[in-house]
Amino acid sequence: METKPIADTKRIRIIDAIRGISILGILLMNVYVGGQYWDEILFQELISNYLSADFISTIFVQGLFEGKMRALFCMLFGAGILLFLKNKEQQNTKGLWKLHFKRMFWLLLFGLFNGYVLLFKYDILFMYAVAGTILYFFRNMPVRYKLWAMPLVILIGFVNSNLEYRMDRKEYLKSKNEETTQIDSNFKDTTYLQELKQEQALMKGNYVDVANAVYPKVFEGQTKEFISRITDNIPLMLLGMALFQLGFFSNKWSKRQYTKTVFWGYFIGIPLMCYDWYILLEVHGQDEARHMMYKNQTITFTFLIYHIQRIALALGHVAVICLIYQKGWLKPLFRRLEAIGQMALTNYLLQSLFLALIFYGFGLDFYNVLSYYQLYFVVIIIWFLQLWYSPIILKHYRFGPFEWLWRSLTYWKLQSNKRHSIKM
């Protein structure tokens, strides 16, 4: 089976740029996974001072990017599947379904490599591969049906969040002494605290110690959390397919259409995001308010807010990027972002490697040492590295290292990668 990669002149560069931005944005969240443990107790310390650098930086980054970059990357993955399949159909590729399934199989193994070798706790590639396999059967679904994925992902997110809430509520009420109404403002699970201390000790150990701490988290994400993750990913990918077919991701909309998307995305998303944080701080973050919520509410409709605002803001962010791109602003930066997006798999896996070498015990041992706002300096350093080396690699090679390996494994044949300059 011989197929040619997309020529550089035929690449949809705006999609590469948006993918590059989403890869960099995901690191804003993943740095917590690598560098800290995000738990209820640390959150209480975080919100104890609303004027601290930790609180201000975290509420800004979490508010504008948490969930949005993951949703965006998921949508782009769906769009990428459709783009890949359409390209192969145009080349009259035989055995298209086999090619796609092999491609997803190797991506799944890259996900296992990310979790069990690079030791990243919250890998997305494993789940993307499973979702991508399923999506093959929906690729020709009419756009109007794919667009129903937008309310579907909000509804599923609402249900999954409430299922989690009901379990937390059950555990919380169970922990209370039914014979007293006194609220324990220092409610802490001693066993949980001990587990955190043990985890921290392992994370600051050698490679085997870190693996012992990480493997259960990776396995839990692939098993216990499988349903909640897959039911979030598939609708987002379907939505990404629909938006690609409508020209949203490929910069085919008019300035007026993108401007309206920015307005409505931020008009809906930002107020809901602020209210979502209000609920988190003033209800979930306060013992008395949380106690009353758990006592009186078996389900909570406030979870709808998060899932609506993350979609609205993700679409608003894309529209802003497309408007800037149409204006021709920041061209040197966009060229670098395009390179990052073209090497998305390589850059995603290298981010896991960078986090391991910076935070884990067999590296620089900064796990749970830096405060929240200091973690963003690590992010900026990795951003600069990836903005620097990605264009250099693609200047000499057609693919990033892992993209080349992925393609070679898919076709079970070493692919030509070196760019050959023509001497005049």
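Side-chain atoms are counted along with the backbone in the values below, which use heavy atoms only and exclude waters and symmetry mates. For clarity, every value in this text was computed on a predicted model and none was experimentally measured.
- In terms of heavy-atom proximity, Leu355 sits nearest to Asn30 at CD1-O, 3.7 Å.
- With no hydrogens or angles considered, a side-chain donor-acceptor pair links Gln351 and Gln386 at under 3.5 Å.
- Using a 4.0 Å cut-off between charged nitrogen and carboxylate oxygen, Arg11 and Glu338 do not count as a salt-bridge pair.
- Identified under the ring-ring contact (aromatic ring centres under 6.0 Å, His included) test for residues 236-257, with sequence neighbours left out: Phe248-Trp253, Phe248-Tyr258, Trp253-Tyr258.
- Contact record, Ala319 with Val262: CB-CG2, 3.4 Å, taken as the closest heavy-atom pair.
- Of the N and O atoms on the side chains of Tyr389 and Asn347, at least one donor lies less than 3.5 Å from an acceptor on the other residue.
- Shortest non-hydrogen contact noted between Phe402 and Leu345 is O-CD2, 3.7 Å.
- Without hydrogens or angle criteria, Asp209 side chain to Asn206 main chain gives a donor-acceptor distance under 3.5 Å.
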TODO: Would you please test Thr302 and Tyr165 for side-chain contact (heavy atoms from CB on, under 4.5 Å) and show each step?
DONE: CA-CA 11 Å; Thr302 57; Tyr165 169 80; over 6 Å; no
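- Counting only N and O atoms by type, the side chains of Gln297 and Tyr294 include no donor and acceptor under 3.5 Å apart.
- Taking each heavy atom of Met241 and Ile81 in turn, the nearest pair found is CE-CG2, 3.9 Å.
- Relative to the ring axis of Tyr325, Arg13 does not place its NZ or CZ within 45° and under 6.0 Å from the centre.
- In this structure, Ser408 contributes its side chain and Gln415 its backbone to a donor-acceptor pair below 3.5 Å.
- The CZ atom of Arg407 lies 7.0 Å from the CZ atom of Arg398; values are rounded to the nearest 0.5 Å.
- Distance check: Ile234 CD1 to Leu152 CG gives 10.0 Å after rounding to the nearest 0.5 Å.
- Taking each heavy atom of Ala213 and Pro216 in turn, the nearest pair found is O-CD, 3.6 Å.
- Around atom OH of Tyr397, no more than 12 heavy atoms belonging to other residues, nucleotides or ligands sit under 6.0 Å away.
- No side-chain donor-acceptor contact under 3.5 Å links Glu225 and Ser228.
- Between Arg19 and Asp16, at least one side-chain nitrogen of the basic residue sits less than 4.0 Å from a carboxylate oxygen of the acidic one, meeting the salt-bridge criterion.
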